[in-house]
Every structure is written in C-alpha cells, then in structure tokens.
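What follows is a short report on a single structure.
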Protein chains: 2
Amino acid sequence: MNGPTIYDVARESGFSIKTVSRVINGESGVRPETIDRVERAIKALDYHPNPAAQRLGGGKLPTIGIVVDSIDDPFFGEVIAVVERRAVEMGMDVLVASTGMDAVRARTQVERLVRRGVSALIVAPFGDDAAARADLPDDVPVVVIDRKCGIEDKDVVRVTDHEGAVEAVRHLVAHGHERIAFLGETAEFTTVQDRLSGYTDALVEAGLAVEPELVETRCWSADVAYPLALAMLAPPDAPTAVFASTPLVGLGVLRALKRLDRQDVALVVFGDFPLAELMTPPTTVVDQRPTPLAHAAFDHLARRLDDAHAPVVETVLPTRLIQRGSGELPPRETS
Amino acid sequence: MNGPTIYDVARESGFSIKTVSRVINGESGVRPETIDRVERAIKALDYHPNPAAQRLGGGKLPTIGIVVDSIDDPFFGEVIAVVERRAVEMGMDVLVASTGMDAVRARTQVERLVRRGVSALIVAPFGDDAAARADLPDDVPVVVIDRKCGIEDKDVVRVTDHEGAVEAVRHLVAHGHERIAFLGETAEFTTVQDRLSGYTDALVEAGLAVEPELVETRCWSADVAYPLALAMLAPPDAPTAVFASTPLVGLGVLRALKRLDRQDVALVVFGDFPLAELMTPPTTVVDQRPTPLAHAAFDHLARRLDDAHAPVVETVLPTRLIQRGSGELPPRETS
DNA sequence: CTGAAAGCGCTTACAG
DNA sequence: CTGAAAGCGCTTACAG
C-alpha cells in the first residue's frame, strides 16, 4: 500500500538519503552525474516524496491555499480554476476555503490553512480593513486579490475599480442619461467604495447632480438587490439608467426589470457574467477579467515562492467596457 | 512561529501524550474525568494537532479530495461549495482537482490526491467505464458523483438521467411537438447515453419517429454546440423543439437561437443554470439539483469514514422539471 | 484505564 | 561535493 521512500531511492542510486533529498529539492552543489543517477533511480522506482514527511521535516506542503467569498461565484470559480491549473503544472495542489462573506469565518479559514502548512496563500480579504489586515499571516507568502483593504505589506492584484466605474457612468452619460442610479453592496469594501466614488466623480464631471435617492448601497446579495431594484425602478420618475456594482447586484436588477417587463432601462454591470450576451437586451458590462487576474496572482505567488524577500508589488489591471446593448439604450420618454 | 504540540498538552494536563492522542481521536476507554482535563488543557493552550504529523504517524489527513470536470462549471461549483461547507463543519478541508475533461489527467489527479493521503475522495469519473473504474483507489473511501460509469464497488450518487430525459421529451410532446432534436455530448458517458435513450424512448412511446438527422451527439462544449445547433435550426424544415442534454449544450443552443433571432423554438435543457429564468423566453429545464446531490455525497462519505465496511449504496436522486416558458411553446408554423 | 517505546519519511543543522 | 545524526509531532503496536 505504501510506495517507495527516500531510503529506497538512496539504496537504488547508491547515495545517501541526504543526497537524494538535495536532488529532490533542486539544491545546488551536487555533481551532475550524481543528479543523473538519483533521478534515474527516482524514475525507476516511480518515487514520489511524501508531502506529510516533507512538511514535518521542516518544509512546507506543496500546496496553495485559496480563500474566497464563495466557490460558486462565477468570478471566483474562474479564479480558482486558473489557480488550480497553474498549481498542478508545478506539482502543487490547491486547498479551497470560502468565507461565506463572514468576517469571523474569513479569519478562521486563513488560520486553518496556515496551520496546515500551505506554501502560499491567495486571499480575497473580507471584513473591514483592520480585520482584513490582521487576518493575514506574515510567515507565509500571501497574494491579495480583488480587494486591497488598505493592505500595504502584501502583493496585491486588483482591477481599476474607480476608473472602471467612471468609464461605465461616462458611457451612460454619453448615451444621454442624466438620472443614473447606483446599486451596490455595503460600503464596507474598498472595492465598492471605489466604484461608488467613480460613479460620483463621473456624474460631477458631467455636471450632473448626485441624487442621494438614486444611490442604494445595501445590496448584499442578488436576493436583497432584487426588491431594492424593484423599488428604485417601479416609480414613474424612476432613473433611466442603472449602474450595478457587481454581477450579483446586476442579477437582482435584471430580475427586477424582467418583473417590471421593462427593456428600456439602460444598464451597465461591473463584472462580466455568463449569459450576459443572451439577455434582452444583451447586458453591457465592465469586465474585470478574472482569468488575467488569476494568472497575475499566480505569477506573484511563484515569484515570492522563489524569493520571499522580493519587493511588494501592487498590480492594478485595467477593466474593459464590453458594449452589448443594454448600456447603449437611450433614455426612455418619461411619462 | 510554531504552536503548542501534544507534549505541551500532556504536560499541561498531567497525562502522557498517548492519552492526549486518545482524547483527540475520540478513542474509547478513557476516564471521563481524564477526557475533561485533557480537553481543558487543549482549550487553554489553543492546541491544534499537526495534520502532517498525524498523517505521518499512520493516520490520514483531515482532508477530502474532490475531482471534477472543471471548477468553474456552475454545477460542479455548487457541488464543491456544499462539500467545502460541510467539510469545514467537521474540521476537515478540501483539496480540489479538475480533469479538464481529459482522461489521462483524471487519472493523475486522483493518484496525486491519494498520495497526499486524503481521508476520502469525491469523484466525478471521466473517461470510458473501464478507465474510470481503474482510476479509483481501493484503500481510500470514494464516493462517485454524477456518473456511474459502471462502477459497482463504490458509493454512487447520481440523478435519474433516463427518467429526466423522458420527462423532458414527454413535456415537449404534450405541447404538440413532433419533430424534437437531441443535442448532446459524446456518447462516451453513461449519463448522456441515458439521456439519449430517454429521448428515444419518449419518442417511441409517443409513436413518433426517431429521425437520425435530428440527433447530434458531438456537442463537446458550448463552443462546439453553437455551430451544430445553428446548422440544425437554420433550415426551413428545422425541428420545432430541442432537448439539450447539458447546460453547456443548452448555452450553445441559446446562442444559436439568439443569432437566428428566434424565440419560437421550444427548448428544454437538462440541468438548471443561473439566469435561466431571465432568458427570453425563460428556459425550461430538468433540474439535477447539485445541492442535494452534494449533501447526499457528503453523507455517504461521512458514513464510510465511520465504517469503511458499510455496504455499498447507490443513491439515485429524482430530477425536477421546472417550467419557465421555453418548454411550453407550441410548435411554430412551418413555412 | 494509562504509558514508554519505536517508527512514520522527510528535513535541518553539522561534519568532513 | 557527500553523509551520519537528530528531530519534526504524531501514531501504532505492546505493556502493565
């Protein structure tokens, strides 16, 4: 039931286990010929190091931990998919953990993964800035994704939240809208705060008033967003356009529009989502492109695994406006 | 940097490490008072057993491995989300692995997880029956999900593929359709074979002809399904209804319908998907309900973790037809 | 009901 | 450039 151990490889190759260990870990200062013989023995025996023993001996597990809001969120699903693929390529595997948007659980999940001995962590922090910062370990490489949360001592990969929101709202303005609603999640997140300030800035830039009754920041989930969107869009003096700060919020808005049987409300959603192109009209989005984001995060991870003291970097990826129809609707005639 | 060990707990509680070990593992034959004192010490020190040491000592890792086609598939995403939540409840964590629909990779992924020492595995097998069977280990509990692949010696949780397909096609027949297309993935899978036979059986039952040119089984992905659906639906004598064997295929069909600007083709998709209700018309589906399936799989896992020799069971969950509009369209007038 | 010993398969110092 | 020793933190037999 158990495979060959380092002792078997040592015997087979004629060297000591220490030398085999050196070869496995790619340490320098081993004669090429020795490396060759050891590798031959490893192949011959189909030897694979025991990760638990590696860890206990003093190393880390060949494992990457990833902590996200929820695994079945399409955005994070794509991120995890990319990370898993890249990890497998380097012979590592991936431990997933979700926070369920619960700050306490976010903390315990990170703690558990660190205790497990993961080599590195990719984390979408959750909670207020202070909590998010406190949750992250200092003895394990961490790459923060999606939200900065005021974290300065870790590598961060995020998108241009502010600029993306500005672009979205400018786009609506350019199509003639003057009364544009903002629907978003709680303002606890830097991300959403940035998107909200982008919204505000774009309005001011266009010389339009920021109407507080058109700003709704309590959309925690699609289910919560739905009635709030309904309330916002049902009245005769409803806004002619909506900017939704996340795909989940956008989903709530789309449900409300369907319910109201309205296809004349302009909509731009921050974050692309599957089937957006199949809506009627197809949904215009600001794409945050999870795949490049995940690749960038993994690149940083690999770099830091190589050199724990590499300088901290923050990568801010550009978003991209994808015009599909809903964002190009003209303002409807107000009754 | 390192937390307390079992020795610290032994010292703190006044017992030996063996007794502490007994308490940790819930072994019987320990005095209640002893248990109490040890647990108190564990709490006081905030002790957590080192998983790598547990594993190396002879146990398994408190870890569940899950192998699926792809992590960003909404169906599997939901399954993984449920499994992760349940696992965390029992203090275990989750290693994810994707096959990318590649039989070779399916094998190596399972092998890797077993080598890592996971306590149990949840696997959506990939490949032909013989390969799928050969891939699964016998020394680790395995629960097979979604596809049976002729596996008889493992717990299996799947849905009523045949009956679900029959119900879908009957539904279309009941709404007056006589020319119903089948679009699906390769016939390599039992799952799709069952859905195809359900389609055929329902047609025969209704006294309708099975027209080979209406059966397309080469839809590997949404991208492949799209042109095939286009080719099937563009001609003037196109079928009036479509049964899509998976959500991915359904997506291809929806794109084709959008492209053809047709809202009068009846459609039932096997497998629910997000935003189905927001299509025009809303998409009628046969829901395979990933959440109950995942819970059932986890229940089996927990049972087998308790008793490795529990009898093998196969759970077949019922599907559910959700009428949303697209499946209730009447046949269009043929030109 | 409890404990002392040996061992799991690696790694880290430390030698030479 | 290579190796012998000790130790990581648990568990499994085996005693008593």
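What's counted below: heavy atoms across the whole structure, side chains too, no hydrogens, waters or symmetry copies. Throughout, protein chains are lettered first and strands after them, A, B, ... in sequence-line order, and every chain is numbered starting at 1.
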Please round to the nearest 0.5 Å and tell me the distance separating atom [atom1] of [X] and atom [atom2] of [Y].
| X | Y | atom1 | atom2 | result |
| --- | --- | --- | --- | --- |
| A/Leu113 | A/Leu61 | CG | CG | 11.0 Å |
| A/Lys18 | A/Ile6 | NZ | CD1 | 8.5 Å |
| B/Ser98 | B/Ile66 | OG | CD1 | 11.5 Å |

In whole Å, what is the span from the [atom1] atom of [X] to the [atom2] atom of [N]?
| X | N | atom1 | atom2 | result |
| --- | --- | --- | --- | --- |
| B/Lys60 | D/dG9 | NZ | P | 23 Å |
| A/Glu27 | D/dC1 | CD | C1' | 12 Å |
| A/Ile35 | D/dT2 | CD1 | C1' | 13 Å |
| B/Ile6 | C/dG7 | CD1 | P | 19 Å |
| B/Leu56 | C/dC8 | CG | C1' | 4 Å |
| B/Asn25 | D/dG9 | CG | P | 17 Å |
| A/Arg115 | D/dG9 | CZ | P | 15 Å |
| B/Arg55 | C/dC10 | CZ | P | 11 Å |

With a 4.0 Å cutoff (strictly under), does any side-chain N or O of [X] reach OP1 or OP2 of [N]?
| X | N | result |
| --- | --- | --- |
| A/Arg31 | D/dT2 | yes |
| B/Thr5 | D/dG9 | no |
| B/Thr19 | C/dT2 | no |
| A/Ser21 | C/dT11 | yes |
| A/Ser16 | D/dA4 | no |

| message | Between the base of D/dG3 and the side chain of A/Arg22, is there a donor and acceptor pair under 3.5 angstrom? | response | yes

Note to self: Hydrogens and angles aside, do A/Thr99 and A/Gln109 bring a side-chain donor and acceptor to less than 3.5 Å of each other?
What the structure shows: no

Do B/Thr34 and B/Arg22 get their side chains close enough for a donor-acceptor pair, meaning under 3.5 Å? no

Against the side chain of A/Gln54, the closest entry in D/dC10, C/dT11, C/dT2 is C/dT11

Comparing B/Gly14 with B/Gly57, nearest DNA chain C nucleotide closer to 5' gives the residue B/Gly14

From the list A/Val123, A/Ile122, A/Val96, side chain to side chain contact (heavy atoms under 4.5 Å, CB included) with A/Val67 holds only for A/Val123

- prompt: Counting any heavy atom closer than 4.0 Å, what does A/Ile24 reach on the DNA or RNA strands: base, sugar-phosphate only, or nothing?
  reply: nothing

message: Students often get this wrong, so: under 4.0 angstrom with heavy atoms, is A/Phe15 touching a base, only sugar-phosphate, or nothing?
response: sugar-phosphate

Under a 4.0 Å heavy-atom cutoff, the residues of residues 36-52 of chain B touching DNA chain C are none

Report task. Please assess B/Arg112 against A/Glu84 for the test salt bridge (Lys or Arg N to Asp or Glu O under 4.0 Å), listing each intermediate value before the final yes or no. Result -> CA-CA 13 Å; B/Arg112 178 197 285 89; A/Glu84 190 262 349; over 6 Å; no

In Watson-Crick or G-U wobble terms, with both distances under 3.5 Å, the base opposite D/dG16 is C/dC1

Q: Would you mind checking if B/Asp138 and B/Lys154 are paired as a salt bridge, meaning a charged N to carboxylate O distance below 4.0 Å?
A: yes

